[in-house]
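Since the structure is predicted, the reported quantities are computational estimates derived from the model, not experimental observations. Below, all heavy atoms of this structure are taken into account, side chains as well, without hydrogens, waters or symmetry copies.
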Amino acid sequence: MKSKPKVSKPVEASDLVTVRRQWNSWEVAEVYVGDVSNPLWDLVSGGVKEASPEAFIFGYIWCDAIVSGSVAHSCLHGTAPHSIKVCILRKDNSPRIFNHFLALVGPKPAFWQR
């Protein structure tokens, strides 16, 4: 008997995605998928503008949108809340969540391939 292929449920705005400020930061936070805007491939993090060794998916969240955990950030340089750039890594998220963002940004640009 053939088994039916698993159909994963669609990602909803209320699902959680794990984010970091930089690709190699030890601090992680969870935010709602619906709170991440303008996802894109990039080589430079937010905040300290650290260069990464390869392109990663980044997006923007409001600094007060964190549901749990924390990311390196302070509101010392302006009024809160404000938008901050965060990194979305494959290793931090389920395939369902990561593939949702991958579908939004498309394949990694060839000139950033490793």
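- With hydrogens and angles left out, the side-chain atoms of E50 and S45 include no donor and acceptor closer than 3.5 Å.
- Cluster annotation: V71 is connected to I88 through the hydrophobic network of ILVMFWY side chains, with a link wherever side-chain heavy atoms come within less than 4.5 Å.
- At a threshold of 4.5 Å between side-chain heavy atoms, the hydrophobic network of Ile, Leu, Val, Met, Phe, Trp and Tyr places I57 and I97 in one connected group.
- L40 and L89 end up in the same hydrophobic cluster when Ile, Leu, Val, Met, Phe, Trp and Tyr side chains are linked at under 4.5 Å.
- When all heavy atoms of S52 and W23 are compared, the pair lying nearest together is CB-CD1, 3.3 Å.
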Practice task
Dump the intermediate steps for side chain to side chain contact (heavy atoms under 4.5 Å, CB included) on W41 and L102, then the final yes or no.
Solution key: CA-CA 9 Å; W41 288 106; L102 190 57; 3.6 Å; yes
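- Residue V11 forms a side-chain contact (heavy atoms from CB on, under 4.5 Å) with just one option from N99, V17, L104, V33, and that option is V33.
- Closest approach of I66 to A29, counting heavy atoms only: CG2-CB, 3.7 Å.
- A single hydrophobic cluster is seen to contain both Y60 and F56, as judged by linkage of ILVMFWY side chains at heavy-atom distances under 4.5 Å, directly or through other members.
- Hydrophobic clustering (side-chain heavy atoms under 4.5 Å, transitive across Ile, Leu, Val, Met, Phe, Trp, Tyr) groups V86 together with F98.
- Between the R90 side chain and the P95 main chain, no donor and acceptor come within less than 3.5 Å of each other.
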Problem - Residue pair D35, W62: steps toward the side chain to side chain contact (heavy atoms under 4.5 Å, CB included) verdict - result: CA-CA 8 Å; D35 287 340; W62 289 104; over 6 Å; no
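- Among all heavy-atom pairs drawn from F58 and C87, the shortest one is CE2-CB, 3.6 Å.
- Scanning both residues, V31 and V19, for their nearest heavy atoms gives CG2-CG1, 4.1 Å.
- A donor-acceptor pair is defined here as one N or O able to donate and one able to accept, closer than 3.5 Å; such a pair exists between the side chain of D15 and the backbone of E12.
- Under a 3.5 Å cut-off, the side chain of D64 and the backbone N or O of P81 do not form any donor-acceptor pair.
- The minimum heavy-atom distance between D92 and V28, with the atom names listed, is OD2-CG1, 4.4 Å.
- Panel note: side chain R21, backbone K85; a donor-acceptor pair is recorded below 3.5 Å.
- Formation of a donor-acceptor pair under 3.5 Å by the E27 side chain with backbone atoms of A72 is found in this model.
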